Number of protein chains: 2
Amino acid sequence: MDRQRRGKNEGASAQERPTLKTLAFMTGLGVTTVSRALKDAPEIGAETRRRVQLVAKQIGYRPNRAGVRLRTGRTNVISLVLNTDREIMSFVSDIIYGVSEVLSETPYHLIVTPYSRSQDPMEPIRYLVETGSADGVIISRTQPNDPRARYMLEHGMPFATHGRTDMGLVHPYHDFDNHAFAMEAVRRLASMGRRKLALLSPPPGLTYYSHTLDGFADALSEVGATEVPFNTVSIDHTIEQIRSRTAQLMRRDVRPDGFVSSAAAATLAIVAGIEDAGLKLGRDVDVVSKQSSDLLHLFRRELLVVNENFRLAGSELARSVLGWIGGAAPGSLQSLVVSGDVQAFSQPVAV
Amino acid sequence: MDRQRRGKNEGASAQERPTLKTLAFMTGLGVTTVSRALKDAPEIGAETRRRVQLVAKQIGYRPNRAGVRLRTGRTNVISLVLNTDREIMSFVSDIIYGVSEVLSETPYHLIVTPYSRSQDPMEPIRYLVETGSADGVIISRTQPNDPRARYMLEHGMPFATHGRTDMGLVHPYHDFDNHAFAMEAVRRLASMGRRKLALLSPPPGLTYYSHTLDGFADALSEVGATEVPFNTVSIDHTIEQIRSRTAQLMRRDVRPDGFVSSAAAATLAIVAGIEDAGLKLGRDVDVVSKQSSDLLHLFRRELLVVNENFRLAGSELARSVLGWIGGAAPGSLQSLVVSGDVQAFSQPVAV
DNA sequence: TTGGCAATCTGTAACGTTTCAGTATATTGA
DNA sequence: TCAATATACTGAAACGTTACAGATTGCCAA
């Protein structure tokens, strides 16, 4: 249970980690001067500044994070808050890499703060705000009226959301244009002669649920197609649930001849369900799906895909939070990305 | 650029965050006493102890991490070191959740420390050790002679590896028995009458590469099958590379009638390659693949799968590092897991 | 009564950093 | 010449915690 502190290792060959005091001693200056010299304060002589910075670089000085944090309250930490059981696999992976990429050139560390199905989504947020464990937060699964965003806004915690809110409050976000996605998907299906379309939507409650539904509806009326209701499942349901519901649907008299799916894994289930019902993809029905990594075309080459780049989302979100922390106006840190490339893979790769 | 410190908010309705001093004032004790009372030190009277702990709980006292860290050197941080571009998607996601699950009941935070293709894998390790940014580290992509493990061992940084090393040094690890996996896979293919088998291996250099190869070879000789060399690609190659190499291979005169694949994404590429060559899965060739989430059977029901549980790996690794930090013998913190369930999905789900 | 001792409790210092309130020296204006 | 001012630097304090070295009290044996 007891842990040895990393004490002064006198006599050992290993060097003690340099601090401001070390630098002060080496340069013959006071710690205050050294501290200011390192951050280019104007009241330090140009030569002194250069000298201090040179020595610091030479001996590999790195500010002690605990010291800075205790003194300033700045943690140099960005927290990514994730749902442990509902988050899309590739989302987690890609967004972490996207965030990391941006943070790697800064003193910021990325901490992952998870919460599970059973927990209140507010809990990790309250924890972060109350303990001041991060300078900025990134959240996903954003809702139109999102208590997390409201809370952080009220408590002055900089954050960015993946997806927009709709509360009349302004904050940084990054969003994929799901309205455009749904429209494009419907148009695509319509252009192939599909007229009775079903939508496997995002989970109701999240903002992009209605974005997707609106886009779907708008395009339906534009192209004069009709909807076959398929709202007993969403992409949050299990593969098995989606599969059996799809099969059920496809066995009905009025069945869709086209699907729009908001997630790749769910699409696998839809296709399985279609085939369970004895129908054939590309002949009886077509499917347009979002995907975040280029794997669906390997699955069934008849699938139509739209790509959503989660890595980009991660980078943008990180940039936004850092921007807010750095004092930029939250309203200027919003981005909406449209994926133009609806593509089909109809030809096998030539060898 | 300038950041306001979270100063004392006198007059504001928001409470100042309680510290030991707050507790000391409220209980009428000294901060030292309060500090010790909270950690059940024996020299504190039983009643005092209870009283302090009660008040602490009531006002929601939480130790300031920066204070603890500055004073003790303990960071209460576990770092997960990940390769930004070679790591399997589901691995990242699942291992993070596995680790989180264990850490959630402790004061530890999880920080993700990434490194990219272009970087020396040692760089993040050196950073962590030199700056003392974590109390423990988890690494993946372990090599037989792993400089990262050696370095951390030399510098007294507790860690756990996903995969074993082979340097005669003892440290915590969690590993999936890839020797057993490869043997089971070969046996399975042999039992279906497959005799000429190809292996899509892990990347050479990693420890489980040779484990897999050995298991493959051992089982080949056991069942009297032969190997069709397929070692110009590994699961680290791109989908396209694996796909075209597979197609190439399948067009040769002596082509395999069975594949063993060490990763699910790679398996998609193998199947695509097989079909590119005009052959049919289940008829001309069978494939056994590892997978970490139950999706491959949706892809082609003829696929034979073995499950590797990365979430479990994450939990085990976290437990191991915590154990080491807590003073347990590193040799007692090793686990090897065997996946017995080789399973095939031959029947569509009945509806 | 005194000394010894256990049981409880306490003040001070230190971890590394930044900020506040200076100090010393040189420079300028009149 | 003197005061005012700018320039370059500095010590002390504080952030919240823990460890060290006491301090106080009551109790018991001598």
Side-chain angles (χ1 to χ4, degrees), chain A residues 1-9 16-52 56 59-76 107 130-133, chain B residues 1-9 16-52 56 59-76 107 130-133:
Chain A
M1 218 47 167
D2 252 296
R3 197 81 191 317
Q4 199 81 348
R5 14 185 341 214
R6 285 181 228 281
K8 314 253 178 206
N9 47 357
E16 198 59 23
R17 180 165 169 217
T19 69
L20 287 182
K21 217 196 285 189
T22 319
L23 284 177
F25 177 75
M26 294 180 73
T27 55
L29 298 162
V31 285
T32 304
T33 310
V34 173
S35 173
R36 316 190 89 155
L38 287 176
K39 46 176 57 69
D40 286 320
E43 61 268 56
I44 302 298
E47 198 208 303
T48 306
R49 191 157 48 206
R50 264 183 290 116
R51 196 159 60 91
V52 171
I59 65 173
Y61 167 77
R62 307 206 202 216
N64 179 304
R65 312 190 111 235
V68 175
R69 181 164 171 177
L70 183 56
R71 179 64 237 249
T72 65
R74 226 171 0 114
T75 62
N76 280 319
E130 282 170 10
T131 63
S133 287
Chain B
M1 216 49 168
D2 253 296
R3 202 83 188 317
Q4 197 84 346
R5 355 186 0 206
R6 285 181 227 281
K8 314 252 176 205
N9 47 356
E16 199 58 24
R17 180 165 169 216
T19 69
L20 288 182
K21 216 194 286 188
T22 318
L23 284 177
F25 177 75
M26 295 181 74
T27 55
L29 298 163
V31 284
T32 304
T33 309
V34 172
S35 173
R36 316 191 87 156
L38 287 176
K39 45 176 59 68
D40 285 319
E43 61 267 54
I44 303 297
E47 197 209 306
T48 306
R49 192 157 48 205
R50 264 184 290 115
R51 196 160 58 91
V52 170
I59 65 173
Y61 167 77
R62 309 211 202 209
N64 178 305
R65 310 189 113 235
V68 176
R69 180 163 171 177
L70 183 57
R71 179 64 238 247
T72 65
R74 231 182 351 138
T75 62
N76 279 318
E130 282 170 11
T131 63
S133 288

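Lettering follows sequence order; numbering is per chain, from 1. Note that the structure is a prediction, hence the values are computed from the model and not measured. Both backbone and side-chain heavy atoms feed into the values below; hydrogens, waters and symmetry mates do not.
- Along DNA chain C, the nucleotide nearest to B:G67 and the one nearest to B:L29 differ in position, and the one closer to the 5' end is contacted by B:L29.
- With rounding to whole Å, B:F25 atom CZ is found 18 Å from D:dG16 atom C1'.
- A donor-acceptor contact under 3.5 Å is not formed by the side chain of B:T19 with the base of D:dT17.
- The side chain of A:V68 lies closest to C:dT17, out of C:dT17, C:dC20, D:dC9.
- For A:S35, no side-chain nitrogen or oxygen approaches OP1 or OP2 of C:dT19 to under 4.0 Å.
- Contact between the side-chain N/O atoms of B:T33 and the OP1/OP2 oxygens of C:dT10 is found at a separation under 4.0 Å.
- Atom P of nucleotide D:dT10 and atom CG of A:L20 are separated by 13 Å, given to the nearest angstrom.
- Shown here is A:E43, whose CD atom has more than 12 heavy atoms of other residues, nucleotides or ligands within 6.0 Å.
- With A:L23 as the fixed residue, the side-chain contact (heavy atoms from CB on, under 4.5 Å) test singles out one of A:V31, A:L38, A:L29: A:L38.
- The separation between B:R69 atom CZ and D:dT17 atom P is 15 Å, rounded to whole Å.
- For A:T32, the listed nucleotide lying nearest its side chain is C:dC20; candidates were C:dC9, C:dC20, C:dT17.
- For the pair A:E43 CD and C:dA24 C1', the interatomic distance rounds to 16 Å; values are reported in whole Å.
- Following rounding to the nearest Å, B:R36 (CZ) and D:dT17 (P) show an atom-to-atom distance of 16 Å.
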Under the side-chain contact (heavy atoms from CB on, under 4.5 Å) rule, what do A:R69 and A:N76 come out as? Steps first, then yes or no, please.
CA-CA 8 Å; A:R69 181 164 171 177; A:N76 280 319; over 6 Å; no
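- Here C:dG16 presents its P atom at 16 Å from CG of B:N64, a figure rounded to the nearest Å.
- Phosphate proximity of C:dT17 to A:K21: absent, as no side-chain N or O sits under 4.0 Å from OP1 or OP2.
- Ion pairing between A:R17 and B:E130 fails under the 4.0 Å rule for side-chain N and carboxylate O.
- The main-chain N or O of B:T27 is found under 3.5 Å from a side-chain atom of B:R51 such that the two form a donor-acceptor pair.
- A:L23 has its CG atom 16 Å from the C1' atom of D:dT10, to the nearest Å.
- We find that CZ of B:R65 is positioned 20 Å from P of C:dT17, with the value rounded to whole Å.
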